[in-house]
Amino acid sequence: MPLSLNRLNPNQREAVLYGNGPLLVLAGAGSGKTSTMTYRIAHLIAERNVPASAILGLSFTNKAATELKERVIRLVSEAAGFGATRNIMISTFHSLCVRILRAHGAKLGFQRDFTILDQSDQQDTLKQIMRNIKIDDRKFDLNSILFEIGQAKSRFLSPDAAQGFFLDSGRLGPDYAIAAASSYIHYQSQLKAQNAMDFDDLLFNAVALLEKHEEVREHYNQRFRYILVDEYQDTNPAQFRLLRLLTQRQQNLCVVGDDDQSIYAWRGADPTHILEFAQHFRGAKTITLDQNYRSTMTILEAANAVIQNNRKRHPKSLWSDRGSGEPVSEVILEEDREEGKFVAEEIFRLAKEKNIRWADFAVLYRSNAQSRIFEESLRMLRVPYKIVGGFSFLDRKEVKNILAYWRLVVNPGDDASLRRVINWPARGIGRTSLEHLGNAAFTKEVPIFEMLPETAQLAPRAAAGTKAFRELILDLRESLQKIPCSSAEVAISAVVSWARNSLEKIQARKALDEETDDPAAALRQWENIEELVHGLGQIRPEEITGDSEEGPADGLAILREYLARMTLEAQDEEEDDSKENELRDEVTLLTLHGAKGLEYPIVFMVGAEDGFLPHRRTIEEASDLGEERRLCYVGITRAKNHLIITRAKNRIRYGKTVPRTRSRFMDEIPQKLLVVRDESRAPSAVPSTDKAALAAHEVRVRNYLEEIKSKLGAASSGPKR
DNA sequence: TAGCCGTATTTTTTT
DNA sequence: AATACGGCTA
Ligand SMILES: Nc1ncnc2c1ncn2[C@@H]1O[C@H](COP(=O)(O)OP(=O)(O)OP(=O)(O)O)[C@@H](O)[C@H]1O
């Protein structure tokens, strides 16, 4: 059965059928870019007989990559039978780089079992370095310096070349720039010594590898004959360079994106990549898609009205034949708590009155901290919800600590992990001892782990603890290495029992009990740790052996891949039991950034105030308001049927009430598209009929509440992650 | 060294 | 309001 392209419009079909050579699909929100890319991949495999292993699909989040892959598999299975998609590579840029570096990194002197540092690992590491090299971490903000280092890396500047860049960037004063430059030098040599890479290094080093080693470059050029990139407007210079290197032999590169949805310039993404694609890749074909299949005309017009205020954009003429639908609602509340209450009650009311599933609702906010109030109010009404991103499972202390132990087992050079757990549970190794060890390691330029045998300077208790700790790690490492390289399944279950056993040896329970005298809290923490072991068992064999370039599955390799995955997919939900996941009916709470690429029938865009949107820091730092406007555009265009924008007149911040004003972007939406409802205590001009309607509504909500309360009893609801 | 207590600080988005 | 950090004492 051939792959049916019936569901595509002529332009989309053209993009799917277009032959070899560079191809750009530049189109607005909801025009079917991702769908088109999915079909194009399926078409390559099913109709043009391109082997799946020759295709590389790239996107920016693991969630997006997984979804893309699933959709391709579904399409191809219908047309060409199951199995035709075996060995297809659809991943994120970062995961691809990990694979390349694991397989060939030795050529640049990297070990296979390098540790990947996430943001908080970076912070820990840099904080330590700043102490070592006596940079005042009060005078110089850690995160600003990390940010600058990241900027330098995404521009491909090595530590010794970066000082000029820091000085010229204009973001920092000269003394700051010099502090950043010297931090970068030490940070980088520290990472090297620790056999560790941060997210930017993954890209940086993969690019360096492909640039310096022709045979590696050639290898991947031959393997990936078709490359497709989603959300291309979010590529940074390193990613662009990687694509260049992968397309030297042929330019079968299809990129898809929307310059109006460029919301990651703050971390180095450069939308000129998409705007100048035709100059970068000679002979590129450009296809635009104009029909939006997602939103009503009202929502689309509101979005267009806002985004039109940006200069320097590729003009588009998006339209929709979905009719005008409901007007956009703007609801004004007195305080943040009431905003939460309103959103929860409104979701509840709509769900009941119109029989809408919970999963059809989303609450979108600018920053993660805003989620809390909505969690509380939804929980109050027993509305099931899930939070995407924000404080995650992996941010929990007990989880981090166990992961630190495991990381140390795989890579004893990981100083940040060592510092984290050397005294957890308490082993009598305090600040002074750790400082001794740290200083000695710093002067000798070796990882702290190598200094552990030298206990002469330490107090007796600390010396004993140090010895015990070192032996514990070595013992765990040895038993992990003893796991035979048999079939992947057998090896994985062996690693799971190893992990369980490691908890005993670490005395994790003891550590938890020490920390709190609340047994319930300790139990919860213990359950989180067990969840971690469970997750290790969920790892699929092909994730370790899937790439033929990888060696056999030994215990170390399995744990190493699990740890890498945990770091790279930190924000993704645990896909526990896949089926259950699909069926789960819950309201989604997420940031505007997190919502990119997604769609919901009913969207609540909350906190539409100056200070959130645009964010206060953007205003203060006089940085790019255009990006904040694009963020607003992304938010609006997530809605299919109904968009409800809320804001509070006052917000409680650090115990003080702060007055808030309407988002300046709201002023850009034409009045005729909006219905404003002022539900604050001193409404400016609310007709009394509205008040009556409100009272009636309140009564209705009460009634519903009574109704479910009686039905529910103790039924489960609330968050899970 | 460990634990308690008081003070200062928090204000973005994420791979 | 909540928390992280540093200093002080046992
Ligand atoms: N030809 C079509 N006919 C009907 N529906 C379509 C068509 N093309 C796409 N759609 C639907 O339109 C919606 C948006 O598609 P998709 O997510 O691919 O758009 P997008 O351009 O990637 O959006 P965004 O830029 O916002 O991420 C989806 O629900 C998709 O199923």
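Because the structure is predicted, anything quoted here is derived from the model rather than measured. Residue numbering restarts at 1 for every chain, and letters A, B, ... go by the order of the sequence lines.
- Taking atom CG of residue Asp395(A) and atom C1' of nucleotide dA4(C), one finds them 16 Å apart after rounding to whole Å.
- Here the C1' atom of nucleotide dT15(B) and the CG atom of Asp201(A) are 13 Å apart, to the nearest Å.
- Scanning for ring pair (Phe, Tyr, Trp, His ring centres under 6.0 Å) contacts around Phe240(A) gives His273(A), His280(A), with sequence neighbours left out.
- Using a 30° and 60° split on the angle between ring planes, Phe612(A) and His615(A) fall in the tilted class, from 30° to 60°.
- Arg372(A) has its CZ atom 12 Å from the P atom of dA1(C), to the nearest Å.
- With centroids closer than 5.5 Å and planes inclined by less than 30 degrees as the test, Trp266(A) and the base of dT13(B) pass as a stacked pair.
- The separation between Phe391(A) atom CZ and dA2(C) atom P is 15 Å, rounded to whole Å.
- Here dA4(C) presents its P atom at 15 Å from CG of Leu142(A), a figure rounded to the nearest Å.
- Listed by chain and residue number, Phe60(A) satisfy the ring pair (Phe, Tyr, Trp, His ring centres under 6.0 Å) test with Phe93(A) (two or more places apart in sequence, or in another chain).
- Heavy atoms of Tyr264(A) sit under 4.0 angstrom from primed sugar atoms or phosphate atoms, though from no base atom.
- Side-chain nitrogen and oxygen atoms of Lys127(A) include at least one within less than 4.0 Å of the OP1 or OP2 phosphate oxygen of dC5(C).
- Every residue two or more places apart in sequence or in another chain that forms a side-chain contact (heavy atoms from CB on, under 4.5 Å) with Asn423(A) is listed here: Ala426(A), Arg427(A), Ile429(A).
- For Phe204(A), the ring pair (Phe, Tyr, Trp, His ring centres under 6.0 Å) partners at least two apart in sequence or on another chain are Phe156(A).
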Grab the N/O contacts between the protein and nucleotides 1-7 of chain B below 3.5 Å, and write none if there aren't any.
{"from": "dT1(B)", "atom 1": "OP1", "to": "Gly430(A)", "atom 2": "N", "distance (Å)": "3.2"}
{"from": "dT1(B)", "atom 1": "OP1", "to": "Ser433(A)", "atom 2": "N", "distance (Å)": "3.4"}
{"from": "dT1(B)", "atom 1": "OP1", "to": "Ser433(A)", "atom 2": "OG", "distance (Å)": "2.3"}
{"from": "dT1(B)", "atom 1": "OP2", "to": "Thr432(A)", "atom 2": "N", "distance (Å)": "3.2"}
{"from": "dT1(B)", "atom 1": "OP2", "to": "Thr432(A)", "atom 2": "OG1", "distance (Å)": "2.3"}
{"from": "dA2(B)", "atom 1": "OP1", "to": "Gly428(A)", "atom 2": "N", "distance (Å)": "3.3"}
{"from": "dA2(B)", "atom 1": "OP2", "to": "Asn423(A)", "atom 2": "ND2", "distance (Å)": "3.1"}

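- Rounded to an integer number of Å, the gap from CG of Leu592(A) to P of dT13(B) is 11 Å.
- Residue Asn368(A) is in sugar-phosphate contact alone, with no base atom involved, counting any heavy-atom pair closer than 4.0 Å across all strands shown.
- With hydrogens and angles left out, the side-chain atoms of Thr34(A) and Asp230(A) include a donor and acceptor closer than 3.5 Å.
- Taking every side-chain heavy atom of Phe199(A) into account, dT15(B) is the closest of dT15(B), dA2(C), dT14(B).
- For Thr61(A), no side-chain nitrogen or oxygen approaches OP1 or OP2 of dT14(B) to under 4.0 Å.
- Atom CZ in Arg653(A) sits about 18 Å away from atom P in dT9(B), given to the nearest Å.
- By the ring pair (Phe, Tyr, Trp, His ring centres under 6.0 Å) test, Tyr264(A) pairs with Trp266(A), His593(A), sequence neighbours left out.
- Straight-line distance from the CG atom of Asn143(A) to the P atom of dT14(B): 14 Å, rounded to whole Å.
- Across all strands, Gln119(A) comes closer than 4.0 Å to base atoms (heavy-atom distances).
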